Amino acid sequence: QVQLVESGGGLVQAGGSLRLSCAASGRAFSRFGMGWFRQAPGKEREFVAAINWIGRSTYYADSVKGRFTISRDNTKNTVSLQMTSLKPEDTAVYYCAADEAQIPGRTLTDFDYWGQGTQVTVSS
């Protein structure tokens with residue numbers, strides 16, 4: 001069992017940066033693929049980024065590629081999402097998720113555990 005708690009959301013102007021963090025409980029964290037998803041008002045939850053169990057492979061949605069960076073620290077049981085050049089369309093609730101597979105998937109059903117989410121608002 002893994003419990004995930006996100007932090008770092010907030011209000012930022014377009015062009016600015018934010019760093020989201022996800023703290024995980026449970027000894028299995030280092031064996032899981034991890035991901036970030038987001039859900040904007042009135043829209044479906046969508047994939048943002050993912051990282052494999054050892055942190056050597058990363059995956060991004062086209063909409064964030066080159067602007068967002070996912071990383072993990074297995075010694076601290078944390079995964080982070082560094083977001084730069086933020087746009088108003090990045091406004092959403094951001095969710096951290098864990099996939100019991102070492103190489104994470106890209107869809108909602110691939111992930112087994114979810115955090116409660118953190119709000120990111122980008123003003124124009």
Side-chain angles (χ1 to χ4, degrees):
Q1 189 77 10
V2 175
Q3 292 185 328
L4 305 171
V5 179
E6 302 95 336
S7 62
L11 174 64
V12 63
Q13 288 188 331
S17 300
L18 274 178
R19 185 177 181 88
L20 305 183
S21 293
C22 174
S25 64
R27 294 180 296 173
F29 171 80
S30 62
R31 300 196 299 269
F32 289 177
M34 297 296 297
W36 287 93
F37 287 74
R38 67 186 181 186
Q39 187 166 17
K43 295 187 177 181
E44 294 185 349
R45 194 172 299 188
E46 65 175 5
F47 170 77
V48 174
I51 189 167
N52 75 343
W53 67 289
I54 203 170
R56 290 181 179 170
S57 295
T58 56
Y59 316 89
Y60 297 95
D62 288 343
S63 59
V64 306
K65 201 171 293 184
R67 300 188 298 122
F68 290 11
T69 302
I70 188 171
S71 60
R72 68 188 296 163
D73 186 339
N74 286 348
T75 65
K76 297 180 180 179
N77 276 20
T78 58
V79 60
S80 299
L81 185 68
Q82 178 68 48
M83 305 185 295
T84 63
S85 301
L86 283 161
K87 306 174 182 179
E89 51 263 44
D90 294 318
T91 295
V93 177
Y94 283 71
Y95 296 90
C96 175
D99 183 343
E100 290 184 347
Q102 292 182 338
I103 299 174
R106 313 286 188 278
T107 65
L108 296 175
T109 55
D110 289 323
F111 288 79
D112 304 287
Y113 306 99
W114 293 85
Q116 293 301 306
T118 185
Q119 176 70 47
V120 171
T121 303
V122 184
S123 63
S124 57

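All values below were derived from every heavy atom in this structure, side-chain atoms included, with hydrogens, water molecules and symmetry-related copies excluded. All figures in this text were calculated on a predicted structure; none of them were measured in a lab.
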For W53, check ring pair (Phe, Tyr, Trp, His ring centres under 6.0 Å) against everything at least two apart and list the hits. none

Ring pair (Phe, Tyr, Trp, His ring centres under 6.0 Å) partners for F29, two or more places apart: none

Test item: Y60 and T69 side chains (from C-beta on) under 4.5 Å apart, heavy atoms: yes

If the condition is salt bridge (Lys or Arg N to Asp or Glu O under 4.0 Å), which residues does [X] pass it with, not counting sequence neighbours?
X    : value
R19  : none
E100 : none
D110 : none

Residues two or more places apart in sequence or in another chain: which of them pass side-chain contact (heavy atoms from CB on, under 4.5 Å) with [X]?
X    : value
S123 : L11, Q13
Q39  : R45, Y95
V2   : L4, A24, F32, Y113

Once disulfide bond (SG atoms under 2.5 Å apart) is applied, what residue pairs with a partner in residues 29-90 remain, sequence neighbours excluded? none

Can you run down the disulfide bond (SG atoms under 2.5 Å apart) pairs that involve residues 43-92, sequence neighbours left out, and say none if there aren't any? none

Using residues 114-122 as the side-chain source, report each donor-acceptor pair under 3.5 Å to any protein atom, sequence neighbours left out, with the distance given to one decimal.
{"unit_1": "T118", "atom_1": "OG1", "unit_2": "G9", "atom_2": "N", "d": "3.2"}
{"unit_1": "Q119", "atom_1": "NE2", "unit_2": "A92", "atom_2": "O", "d": "3.4"}
{"unit_1": "Q119", "atom_1": "NE2", "unit_2": "T121", "atom_2": "OG1", "d": "3.3"}

Between atom CZ of F68 and atom OG of S17, what is the distance when rounded to the nearest 0.5 Å? 9.5 Å

Check: N52 side chain, S57 main-chain N or O, donor-acceptor pair, under 3.5 Å: yes

Could you note down all residue pairs passing salt bridge (charged side-chain N to carboxylate O under 4.0 Å, His left out) where residues 63-81 supplies at least one of them, sequence neighbours left out? D62-K65, R67-D90

